[in-house]
Amino acid sequence: MRAILHVDMDAFYASVEQHDRPELRGLPLIVGGSSNRGVVAAASYEVRRYGVHSAMPTRQALERCPHAIIVPPRMDRYQEVSAQVFAVFGEFTPLVEGLSLDEAFLDVTGSRALFGEPASIAAEIKTRIRARTGLTASVGVAHNKLLAKIASDLRKPDGLCVIAPDEVATVLDGLPIRRLAGIGAKTAARLDAAGIATFGDLRQASDAVLWPLFGRYTQRVRDRASGIDERPVVADWQEKQVSAEETFDRDLRRREELLAELARLADRAGVRLRHKGLLAGSVTVKIRRADFTTYTRARSFQPPTRDTGTVLAVARELLEAWLAEQPRAAVRLLGVGLSQLSPEAQLDLFAAPAGGPRPPMIAAGTARTASLDPTLDQIREKFGKQAVQRASSLDRGPKEDGFTDARRRP
Ligand SMILES: [Mg+2]
């Protein structure tokens with residue numbers, strides 16, 4: 001049985017404003033555009049009582065609550081708080097699927113051995129969010145995403161709601177059908193006309209009633225209304241790639257110049273990878289010629305790495321192979337992408353046993369650079385990006401004699 005959490009901050013933007021500006025607490029507050037065409041981005045609980053909700057035109061909101069206070073959104077600040085909230089999630093599981101700045105699914109199935117029952121994890125997440133941001137979150141706990149999301153909404157604000165497997169029908173059957181994600185106002189109206197108002201009605205409706213409405217999705221909709229949902233939590237890092245690319249002031253043709261640029265890009269991508277606490281299992285090199293024809297060359301490898309030397313070794317091979325096909329091409333853009341990302345915490349799962357074989361494409365001697373990377377990152381953070389460069393990223397021209405050349409750089 002999976003353990004899924006849906007965490008949703010309460011009236012997020014409005015709560016941040018009320019936290020940062022105590023004089024706004026307890027007041028009907030709208031975060032949004034105040035112009036004639038403005039829209040409500042968030043509504044405090046005090047103003048929701050008047051029937052104001054997000055996505056409503058501000059004009060309409062003010063008709064419902066004329067004394068509401070409107071403040072403009074401060075997205076930078078919300079992003080900052082969001083990062084604090086997501087950092088809490090990361091302390092319990094790497095499987096975090098962000099839905100927005102203030103909302104995420106967490107798969108904590110594998111976290112139970114370390115952190116206890118899902119409900120305790122949910123309580124601890126709420127506590128840590130409150131301690132670090134001063135804000136409340138509502139958490140739903142269940143064995144799938146559908147139920148977790150429904151649960152988080154049942155006890156808002158500051159809620160913690162668990163739906164156990166044997167409670168599913170009891171909890172769902174009475175809920176209005178609008179609560180089912182994916183049912184728009186139009187469909188809800190048609191369901192209503194067919195006498196279907198609740199999850200229970202939908203679960204028990206016959207194919208003859210549902211087929212005209214949902215066609216081949218009929219069974220899926222009935223499953224959802226029954227609380228059945230096998231969708232996995234797809235962590236943000238599972239979809240993304242970390243990359244660095246550069247469009248040059250002038251087209252590059254010399255192999256040495258291209259390799260030097262490649263080394264700088266591999267280094268930049270590596271810094272970003274480590275900054276995010278990730279490992280990469282695939283390297284992509286992107287090459288755009290002066291005539292805008294674009295090529296990508298990729299290679300996967302095991303075990304995944306966070307080591308710039310390894311990334312560069314693979315990227316070099318890919319670029320060299322491309323250059324062998326197109327020796328005198330003029331290149332206007334070069335990029336290095338890292339994908340098949342996984343959190344660093346899983347390193348041990350993939351790591352080869354000590355003294356075991358290393359991937360064949362990695363040149364001998366690159367292993368020792370792994371321990372150097374975090375040190376270089378620290379120095380750069382302290383003294384700026386230009387403070388340290390790998391000798392391999394300096395354009396040494398035809399010479400290949402090592403690290404001392406770095407001193408010639410002004
Ligand atoms: Mg929210």
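Both counts, for ligands and for their atoms, begin at 1 and track the order of listing.
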**Report entry** Residue that, paired with V85, satisfies side chain to side chain contact (heavy atoms under 4.5 Å, CB included) out of I129, V7, D102, L135
**Finding:** I129

Report task. Evaluate whether atom CZ of R132 has more than 12 neighbouring non-hydrogen atoms of other residues, nucleotides or ligands under 6.0 angstrom away. Result -> yes

Requested in this report: Would you list the pairs meeting salt bridge (charged side-chain N to carboxylate O under 4.0 Å, His left out) in which at least one residue belongs to residues 4-14, sequence neighbours left out?
Outcome: D8-K156, D10-K156

Query raised in the report: Does any donor atom in the side chain of Y295 or R289 lie under 3.5 Å from an acceptor atom in the other side chain?
Result: yes

**Report entry** Distance filter under 2.8 Å, centred on the Mg ion (ligand 1) - protein N, O or S atoms that pass it
**Finding:** D8 OD1, M9 O, D102 OD2

**Report entry** Set of residues satisfying side-chain contact (heavy atoms from CB on, under 4.5 Å) with respect to L213, sequence neighbours excluded
**Finding:** R190, L191

Query raised in the report: Pairs in or reaching into residues 41-53: which pass salt bridge (charged side-chain N to carboxylate O under 4.0 Å, His left out), with residues at least two apart or in two chains?
Result: none

